[in-house]
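Please read all numbers here as calculations on a predicted model, not as lab measurements. In the text below, chain A, chain B and the rest are named by the order of the sequence lines, each starting its count at 1.
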Amino acid sequence: MTLHEVVEVVQGTVICGRENLSREIHLGFASDLMSDVLTLLADDILLITGLSNNQAIRTAEMSDILQILFVRNKQPTKTMIDLAIEHEITIITTPYSMFRASGLLFNHGLKPVY
Amino acid sequence: MHISYQVQAGDFSNAGNVSSNIKKILKQLNFHPSLIKRIIIALYEAEVNVVAHSYGGEVVCNIAPDTVIIVVTDTGPGIPDLSLAMTEGWSTATAEVREMGFGAGMGLANIRKNADELTIDTGANQPTSITMHFSVSTEVKNEP
């Protein structure tokens, strides 16, 4: 599915990286634990997290993840947004819970990493 | 190429800066993307460890055409029981570290998984030094 479809499905708001909404993604991984994200080998991942701090963006950068969905209406800080723009990471926020957002995206074809 | 960076203890807002800089350099040198990912994941885990657990330290990176060697050294307080610390799920992380999304006891195990060779020198009330070797031949190097 495209990031544009992700935004529609989760009633999301695009915070940065709007120019990348036509990007196709195939895998999703939901976690507030960045240690777990760092164990993933796949690159083409939508990171679904409620952890809204610099380390969420840094973890995405180090893991070659180019899109993050912040759930539970968590809002990134300006520092996080600047960091995301620097590394061409798209940030989307949703008011939905992690469970609801993940379930909806799964139903629309997003596959789990494992 | 030899580069070194200081890492401040407890400075979570800047944790990852060193790994980010080294990642840029490795990309400019056109190393294979999967090699860069292995190096950077291991380095980032080690950098976060220095920020989260130590009194501060430094990262020294030696880049050669066939090998990348990264040494991460801190000034203590050391790891009293290394085999316990290498066990997945075991952690001494503070609540602050856990709030950052770390402290699950995965870091050293993940470093071991990503590095081709790993040496750790440590002990109670001693500095900790982690030496990570990455062999370029593990992946095919991209030619410019």
Quick check: closest heavy atoms across B:Ile41 and A:Ser63, and the distance to 0.1 Å? CD1-OG, 3.7 Å
Taking every heavy atom of A:Asn53 against every heavy atom of B:Met100, the minimum-distance pair comes out as ND2-CA, 3.5 Å
If one checks every heavy atom of A:Leu51 against chain B at 4.5 Å, the contacting part turns out to be side chain
Taking B:Asn110 for its side chain and A:Leu38 for its backbone only, find out whether a donor-acceptor pair lies under 3.5 Å. yes
For a quick test of reading the model, state the closest non-hydrogen atom pair linking B:Lys37 to A:Met62 and the distance between them. CG-O, 4.4 Å
Rounded to the nearest 0.5 angstrom, the OG-CZ distance for B:Ser19 and A:Arg58 is 8.0 Å
Of the backbone (N, CA, C, O) and the side chain (C-beta and beyond), which part of A:Asp32 lies under 4.5 Å from a heavy atom of chain B, both, or neither? backbone
Is there a chain of hydrophobic side chains (I, L, V, M, F, W, Y, each step under 4.5 Å between heavy atoms) that links A:Ile89 to A:Val7? no
Answer key: most heavy-atom pairs under 4.5 Å with chain A among B:Ala15, B:Ala104, B:Ser13 is B:Ala15
So which part of A:Thr79 gets closer than 4.5 Å to some heavy atom of chain B, the side chain, the backbone, both or neither? neither
Taking the side chain from A:Gln55 and the backbone from B:Gly101, do they hold a donor-acceptor pair closer than 3.5 Å? no
According to a hydrophobic-cluster definition based on side-chain heavy atoms being under 4.5 Å apart (Ile, Leu, Val, Met, Phe, Trp, Tyr only), do A:Val6 and A:Phe29 belong together? no
